[in-house]
Amino acid sequence: MQLTVLLVVLAVLAVVGYHLGRSRAANAVGGRIVQLHSVPAYYGAYVALWAGLPAFLLFVAWGVSEGWLVMQMVLAGLPDRLTSVDAQGIALLKADLLNLAHGLNTGRQPDPAVVAGAEHYNALRQLGDWAVLGFGSALAVAGLWYARERISPRMRARNQVERVINIVLIGCSLVAILTTVGIVLSLVFEAARFFMAVNPLEFLFGLHWSPQMAIRADQVGSSGSFGAVPLFAGTLLITVIAMLVAVPVGLMAAIFMSEYATPRMRTALKPILEVLAGIPTVVYGFFAALTMAPFVRRIGDAVGLDVSSESALAAGVVMGVMIIPFVSSLSDDVINAVPQSLRDGSYGLGATKSETIKLVVMPAALPGIVAAVMLAVSRAIGETMIVTMAAGLSANLTANPLEAVTTVTTQIATLLVGDQEFDSPKTLSAFGLGLVLFIVTLTLNMIALRVVQKYREKYD
Amino acid sequence: MTTQTQSRMGATMNAPSALPAVPVKMQARDVKVFYGAKQALKGINLDIQENRVMALIGPSGCGKSTFLRCLNRMNDTIENCRVEGRLTIDGDDIYGRDIDPVQLRARVGMVFQKPNPFPKSIYDNIAYGPRIHGMASHRDEMDEVVQKSLQRAGLWNEVKDRLREPGTGLSGGQQQRLCIARAIAVSPDVILMDEPCSALDPIATAHIEELIDELRENYTIVIVTHNMQQAARVSQKTAFFHLGDMVECDDTEEIFTNPRDERTQGYITGRYG
Amino acid sequence: MTELADPDVRAVSPARSRYQSDEFVARLRRRYAAEQRFKYAGMAAIGLASLMLVVLLGSIISQGYTAFQQTSIALDITFDAAEIDPQGTRNPEVLAQANYAKLIRDSLGTVFPEATSRADRRTLSDLLSSGAPFELAMMVRDDPSLVGTTKRVWLTASDDVDQFMKGFIPRNVAETERRVNDVQVAAIDRLASKDSIEKSFNTTLFTAGDSREPELAGIWGAIVGSFMTLAITMALAVPIGVSAAIYLEEFAPKRWWTDLIEVNINNLAAVPSIVFGLLGLAVFLNFFGMPRSAPVVGGVVLALMTLPIIIIATRAALKAVPPSIREAALGIGASPLQTVLHHVLPLAMPGILTGTIIGMAHALGETAPLLMIGMVAFIVDIPGGFTDSATVLPVQIYMWADSPERAFTERTSAAIMILLGFLVLMNGLAVFLRKKFERRW
């Protein structure tokens, strides 16, 4: 709340600063604006930046560090009997504190000291927010005053403002890099914790997956087992099925659209693919689970096959349908990049349209199409909702598309949904899987994007 | 004009024109072409004689390329393009029912402005046409077709050791000769050339021009060109197009020395172009 | 024109026969057959894609359209003052605590006097939603003068009755096979004969939050959650994305590190969405201690996910502005920044807007990363702020899809229809903007 107020205050001060700066600059030269180094708007922007930016940075810094900072202070204030435990205990304690502080039920009778800690936590946050509001507003007013005082006709306001804007623009570009760094660090760190508990070789090559850990160490099967091969195999199976649907259909659709369809047909047919592309994956998942899976099962029954109600086939086919527009739009780009002169050369020799496509256009477009298929595979591997809703959780190691399999993404989603303590190998295994998923899709994407780029350069 | 080209032109003019009646290979009667509502050709009448080189000249946008593309129905690939009138090859109506564009294009080959070899090996570039038309039943026969076509296009000696290398690796002039060889490989009667030298340097151009002169023995050639000297060097007949009309068609020598229409005169003397 | 020969004079060429040989013609026929087959294969591909779309939309609409109606039952309720407010204080707290379920039981007892056993009476009570007493409480709260009167009121029926009325629970099967027993069927028939049971527009679906009872569940909470999440996403992704695109397209020097950013953005666009969820979980929840299930975290995660889409679209729009515009502005002494802000950016605006809307539509339909950060919790209340626990429309669909009741399947389909409606609206806006401001240079 206080932080929202601060943002409003900053916005108002920036606007006020802009007008003050502009009028002061104009007054300084008695209205003869040509005598100014920059147009008055730049003096306004200069003051506005001084008023808004430092306080805004404070706001961001506080917003980012608030949770961590306050938590450290709360932990320091708790009695030793609570805090002198191992890392796992601390994490559990933190989770309890946060849940209590946000008014959620922890599911067990909380220790009074922890309740007090949670109240302390909330109080500190309130206090901090008020402090930031007060200090931020003061900073903004001071900045405004300082900048306004510095305005003189010879001040190079434009250069200074543009330099700041340039830095802000660079900062925005770096967000993308930070995101990647964040992804890599979070995956690597959490996965490393997982691999401390589970041997990476067992994870990558083990044939048995059952992440359920017993609550007490003396229970049967307390260790769980983390051999991810069944997940990889399941992912592969569903991806192959999806590609068997998406690649021929998508490619032929693209060929038809770009080579055969009249412009009028194209405008009529294109929306079909666009709508297919725009449907959220959760809708495909619902369709796979409630329409496609029973349908496949009925067909199987009719021909006397035993089909699981969560068959890989149903999930794979629906995923293939989802990827059709992806393949077709990428292929469409690639096919259109093949120069018309090659087609003319082929027609000029008396080739039919299909001969031209099969013998000239496709070979010329092949690298691009291979890249498109790779991107589609990466997409299929990373798709979560369809498989979570339709493929089920049984980690079978099978190549039979009529059986139920599970995939890497399904496991990640189920392992992390709901409340979980963040330290058991069960939860952390999701990050191990995530790391594998990230590496595989990244490799596919990198190669594919490189190929596409090379291909474009060739015909540009 | 240099003396060399003059003498060559003289030589080409003497022999065939001396013969009394040259058979007509292709004939256009009142050919009109529309792109949508826009009329590109306004009733063209033209006879193309067998084993002669016919040059089509005229300022850009005059319809000469459009006319050329009518001769093997390449205009079919352009949407909204409509052709009226009668075009014949050996008396068969090109736009008639019993003539198929695929069949026609095997009879009337085409070479384009920019060399457009397929991204395949030199061998496969030449073999493409014979393969789709089923002209060679086994490998030896195909090898022979490829060799003969490359020899006729004067490219054999330059590429015989690298037939498996991509055709796109050749120089511009070689690429264009490859495209001519590719057209020859399906043994057409007529070869259409749409400004075949406009993307080439003078030496490569000279090569192609010599080649055209040699090919005349076996093929009927129609060439569109912007370059009047080139028309004078390689052709026996020249037709001058202007704003969708065929203004004048005559022996090349006649057109360049004694044009009857003042528009032709204006164009060849460089008053506009 | 000179020497035009008669068109009918045929010059016979020796080569001509080859193209009309039987062999060539037969081959040509085969080639054309192959051509047709290829073309039909293309049409079949398009046809298959269209068929799947029709089946998909058809199955959702046919399963979901019934959810827009809800059965209710009319009962003569005696708002007995002795029961509701024995002291006569009309104190709202007392009114709220009263046993309204008993009023309903009494009313049912007068309609069905033959039902005397406890089991039968309970069976009859099950005709009504477990939320029905609450509906009465709300009525009395809004109008305390009802106390002491008798009034015919419409109360929400239970989901089983609703499904029975919609014909999804067949009559002609054994009693043990259906969720509505014979006593209830007879009661429904009796009510129907007195026009006391009917289907009407299902406003609950649009106004309520989530519930375990299908007939009380609505998507308003999810819509509000989606709206808040998207607001955060837009507030972050659009300014940052557009700024980054401007920098990369207009100002960035061609160095190794700008190449790196470029490659990085292209790859980020293809990273599976669930990985962004892992990032959100590890960084925002665990490291920064942001609240679980909150729209603010969901918004940030989706913003990071949409950022590459917006950057790529904006760069394409900026690239489409011809260099001559920039040269003209620079030529009259504008600074590079002024050139971009005054000339290039306004011209690129339609493209940027279109890209932004498409990115937002993408974010609106995204589910997987939000599961990771706990937006999958069961939340009854309508979220009131960016840090309240909330869910979003696609996650609500995911949760309802998991519920076994037939009535939830119906509502899931309806929620999908509403989600698709929003997406159609957004994409329609994007298409409209593109058409309206389309410019050819």
Side-chain angles (χ1 to χ4, degrees), chain A residues 64 67-68 71 98 102 158 162 165 169-170 172-173 175-177 179-180 182-183 186-187 190 249 252-253 255-256 260 269 272-273 275-276 278 280-283 286-287 289-291 321 324 352-354 375 378 382 384-385 389 409 412-413 416-417 422 431 434 437-438 441-442 445-446 449, chain C residues 31-32 34-35 38-39 41-43 45-46 48-50 52-53 56 59 240 243-244 246-248 251 261 264-268 270-275 278-279 281-283 286 288-291 304 307-308 311 335 337 361 365 367-368 371-372 376 394 397-398 401 409 412 416 419 423 427:
Chain A
V64 165
W68 181 81
M71 182 56 82
L98 283 180
H102 293 133
R158 183 172 61 77
E162 290 194 350
I165 291 183
L169 291 184
I170 293 178
C172 289
S173 317
V175 170
I177 295 269
T179 309
T180 308
I183 288 174
S186 54
L187 288 179
E190 305 291 348
V249 176
M252 283 312 290
I255 288 172
F256 185 80
Y260 284 101
L269 293 177
I272 292 175
L273 292 174
V275 169
L276 271 182
T281 54
V282 68
V283 178
F286 178 72
F287 176 67
L290 269 93
T291 307
V321 172
I324 288 172
T352 63
K353 215 159 201 178
S354 63
L375 286 173
S378 145
T384 310
M385 294 320 293
M389 294 169 83
T409 49
I412 297 177
L416 292 180
V417 164
F422 215 76
F431 285 89
L437 178 69
F438 182 70
T441 53
L442 187 74
N445 298 338
M446 292 266 262
L449 290 171
Chain C
R31 288 170 62 195
Y32 270 111
E35 169 75 19
F38 193 71
K39 190 173 174 182
M43 286 160 95
I46 298 270
L48 193 67
S50 318
M52 289 314 288
L53 181 65
L56 177 80
S59 79
I240 296 178
S243 305
I246 289 176
Y247 180 74
L248 293 173
F251 300 121
I261 296 181
N264 179 48
I265 288 170
N266 286 333
N267 278 311
L268 216 49
V271 167
S273 60
I274 194 168
V275 172
L278 291 174
L279 168 78
L281 176 60
V283 173
N286 289 346
F288 289 135
M290 287 163 101
L304 294 181
L307 203 56
I311 295 179
S335 71
L337 187 71
T367 321
L371 301 183
M372 304 288 96
V376 69
I397 290 168
Y398 167 69
T409 306
T412 313
I416 288 176
L419 174 64
L423 291 175
N427 285 301

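Atoms considered below: every heavy atom in the structure, side chains included; atoms not considered: hydrogens, waters and symmetry mates. Proteins come first, then strands; the chains are lettered A, B, ... in the order of their sequence lines, and each starts at number 1. This one's a predicted model, so the numbers in the text were calculated from it and none came from an experiment.
The two residues A:Ser173 and C:Tyr247 make their nearest non-hydrogen contact at OG-CD2, 3.3 Å. Nearest heavy-atom pair, A:Phe286 versus C:Thr409, reported as atom, atom and distance to 0.1 Å: CZ-O, 4.0 Å. Between A:Thr441 and C:Pro272 the shortest heavy-atom distance is OG1-CD, 3.5 Å. Counting all heavy atoms, side chain and backbone alike, C:Ile265 lies closest to A:Ala176 at CG1-CB, 3.6 Å. The two residues C:Phe38 and A:Met252 have their closest heavy-atom pair at O-CE, 3.7 Å. Across all their heavy atoms, A:Gly278 and C:Leu423 have their closest contact at O-CD1, 3.8 Å.
Residue contact with chain A, scored on non-hydrogen atoms closer than 4.5 Å, involves the backbone and the side chain of C:Asn267 alike. Looking at C:Ser50, both its backbone and its side chain come within 4.5 Å of chain A, counting heavy atoms on both sides. Using a 4.5 Å cut-off between heavy atoms, C:Phe251 contacts chain A through its side chain alone, with no backbone atom that close. Both the backbone and the side chain of A:Thr409 come within contact range of chain C, with heavy atoms under 4.5 Å apart. Only the side chain of C:Leu48 comes within contact range of chain A, with heavy atoms under 4.5 Å apart. In this structure, the portions of C:Ala368 lying under 4.5 Å from any heavy atom of chain A include both its backbone and its side chain. With a threshold of 4.5 angstrom between heavy atoms, C:Leu56 approaches chain A through its backbone and through its side chain.
From A:Ile165, atom CD1 reaches atom OG of C:Ser243 across 9.5 Å, with rounding to the nearest 0.5 Å. One finds the CD1 atom of C:Ile397 at 10.0 Å from the CE atom of A:Met385 (value rounded to the nearest 0.5 Å). Note that CE of A:Met446 is 11.0 Å distant from CG of C:Asn266, once rounded to the nearest 0.5 Å. One distance of note links OG1 of A:Thr352 with CZ of C:Arg31; it measures 5.5 Å at 0.5 Å rounding. Here the CG-CD1 distance, from A:Leu169 to C:Ile240, works out to 12.0 Å after rounding to the nearest 0.5 Å.
No side-chain heavy atom of A:Thr179 sits less than 4.5 Å from a side-chain heavy atom of C:Asn264. For the pair A:Leu416/C:Leu371, no side-chain contact is recorded, criterion being any heavy-atom separation below 4.5 Å from C-beta on. The side-chain heavy atoms of A:Pro280 and C:Leu419, taken from C-beta on, include a pair separated by under 4.5 Å. Residues A:Ile412 and C:Met372 are in side-chain contact: their nearest non-hydrogen atoms beyond the backbone lie under 4.5 Å apart. Side-chain contact check for A:Phe431 versus C:Leu281: some heavy-atom pair is nearer than 4.5 Å. Side-chain contact between A:Val321 and C:Leu53 is absent, with no heavy atoms from C-beta onward closer than 4.5 Å.
Residues meeting the side-chain hydrogen bond (donor to acceptor under 3.5 Å, both in side chains) test with A:Ser378, sequence neighbours left out: A:Asn445. Residues that satisfy the side-chain hydrogen bond (donor to acceptor under 3.5 Å, both in side chains) test with C:Ser273, not counting sequence neighbours, are C:Glu366.
Per-residue heavy-atom pair counts under 4.5 Å with chain C were compared for A:Ile324, A:Val175, A:Leu273, A:Thr281, and the maximum is reached by A:Val175. When A:Ser186, A:Ser354, A:Ala413 are compared by the number of non-hydrogen pairs under 4.5 Å with chain C, A:Ser354 comes out ahead. The candidate with the highest count of non-hydrogen atom pairs below 4.5 Å against chain A, out of C:Ser59, C:Gly42, C:Gly365, is C:Gly42. When the candidates A:Leu276, A:Leu269, A:Val275, A:Ile255 are compared by the number of heavy-atom contacts under 4.5 Å with chain C, A:Leu276 comes out ahead.
Screening C:Val275, C:Ile274, C:Leu278 for a side-chain contact (heavy atoms from CB on, under 4.5 Å) involving A:Phe438 leaves a single residue, C:Val275.
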